[in-house]
Number of protein chains: 2
Amino acid sequence: MTSRAESAAATRRALLEAAAELLDSGGLDAVTLRAVGARAGVTRGAPYRHFLDKESLLIAVGTRAWDTLGDRMQALRAEPGLSAAEKIRGGLLALIDVGRFQPHLYQLMFSNPPGDPTALARAAQRSQTEFLAVVADLVGEQDARRYAALLISSANGIAGLEASGQLADPKWGGVCAEDLTDTLVEMVAATSRHT
Amino acid sequence: MTSRAESAAATRRALLEAAAELLDSGGLDAVTLRAVGARAGVTRGAPYRHFLDKESLLIAVGTRAWDTLGDRMQALRAEPGLSAAEKIRGGLLALIDVGRFQPHLYQLMFSNPPGDPTALARAAQRSQTEFLAVVADLVGEQDARRYAALLISSANGIAGLEASGQLADPKWGGVCAEDLTDTLVEMVAATSRHT
DNA sequence: GAGTTTCAGTTGACGTTGTCATCTCTCTAG
DNA sequence: CTAGAGAGATGACAACGTCAACTGAAACTC
């Protein structure tokens, strides 16, 4: 029926799922190995058969999130009938949406864990490479790197402000993430067109 | 000599200082009430005379950081002989520098604590108001809010990428935070000039 | 198919942490 | 001078991450 390997893979998946759900609903403090195990139907010691560490488990959760975002970027790039600017807008909003609707996961994706500070940066690479390619279609190979870095930074910041609910402050005149993204993309497009 | 109130205020200051130092050197995990107390010359229970909670202590550390940044913004705005663009550049780099040289403090400043999610957002208000005024000098009252939000978001993102060391990746063509900031300010200045 | 190995999962234990209740002692108000 | 307040110390407790030892069933060997 279910071989040992299959069952082990299933619990590993269940552990990741449980950790992601707990992170979403209760923040990082709610992610305890005991709670993760309970939600996955095992006990506190079981995660150590699949992950070196609590930190390793969290890194795996963050990596999975980066992977699905990378898939989305890849699909977006291949989408026909979209201009480069539209693709960029889509990609930025995909990132921003994580910050908006899963703020704790978003924070995890950009945290660099003490044990392996480069782990999540590596996981983010595919997303960023895909995005870089789309930016190159808009502004050319020459300036692509600079503008891609700028755009990702900005999206990152927008998502961060959204995640902490600061954008809702009337101080900013009621702008929303979409407005800022549009302004940003327009600015880059105009600048690169002009030079 | 030293009245009781003075001595109490001194320990409170020492606790804040100790927490900030531990955060800087060892990250959030290094900030335990026992370690903070020891470094401040008291024991683990003493912080509860000055702060409701460990979280309250951390909020106080973050608030103090926002206050000093606010002072810097205020001084920068009042500085004569600087153009609006130069002031904006200075303000953005002031924020970015926190992300670069005190990444853990930076992360704390933008985290919203579960107990009082708006606490740090309130502390950030003065910094943002000062910055908003400088932006208004460049792009006019009309668009100031939108562009200020965009600039702060971008600086936030640049600082975040710097903090996690991702900007150093050759993938981005060796840009540094100053480059991105300059590009950004130029873009905003050009856009607002053109409309 | 019997014996052996492997390995996912459980359980008990330990050190550390945040937090509370209680106690001590010194400064201050009246 | 006395009573109160309040800063700090201390003991205790539950929860946490983590490790060592243990259990049982699947997988392999002959």
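Residue numbers begin at 1 in each chain, while the letters A, B, ... track the order of the sequences.
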Nearest-Å distance, [atom1] ([X]) to [atom2] ([N])?
X       : N      : atom1 : atom2 : answer
B:Leu52 : C:dT19 : CG    : P     : 9 Å
B:Arg49 : C:dC20 : CZ    : P     : 12 Å
B:Asp53 : C:dG18 : CG    : P     : 11 Å
A:Tyr48 : C:dT11 : OH    : C1'   : 14 Å
A:Arg12 : C:dA8  : CZ    : P     : 12 Å
B:Leu57 : C:dT17 : CG    : P     : 15 Å

Would you kindly say whether [X] and [Y] are connected by a side-chain donor-acceptor distance under 3.5 Å?
X        : Y        : value
B:Ser154 : B:Asn156 : no
B:Thr181 : B:Asp179 : no
A:Glu86  : A:Ser83  : yes

Please classify the nucleic acid contact of A:Ala8 as base, sugar-phosphate, or nothing, using heavy-atom distances under 4.0 Å. sugar-phosphate

Below 4.0 angstrom, which residues in residues 18-43 of chain B have at least one non-hydrogen atom near DNA chain D? B:Val42, B:Thr43

Check whether any side-chain N or O of A:Tyr147 sits under 3.5 Å from a backbone N or O of A:Ser192 as a donor-acceptor pair, and report yes or no. no

A:Thr11 vs C:dG9: side-chain N/O to OP1/OP2 distance below 4.0 Å: yes

Salt bridge or not for A:Asp169 and B:Arg122, using N-O below 4.0 Å? no

Salt-bridge criterion met for A:Arg100 and A:Glu178 (N-O under 4.0 Å): yes

Roughly how far, to the nearest 0.5 Å, is CG of A:Leu52 from CG of A:Leu57? 11.5 Å

Can you give me the closest heavy-atom contact between B:Leu161 and A:Phe110, atom names plus distance? CD2-CE2, 4.4 Å

Search all heavy atoms of A:Leu120 against all heavy atoms of A:Leu108 and return the closest pair with its distance. CD1-O, 3.2 Å

On DNA chain D, check which nucleotide each of B:Arg44 and B:Ser7 is closest to and give me the residue with the more 5' one. B:Ser7

Students should find that the nucleotides of DNA chain D closing off the region near chain B, any atom under 4.0 angstrom from a heavy atom, are D:dA5 to D:dA12

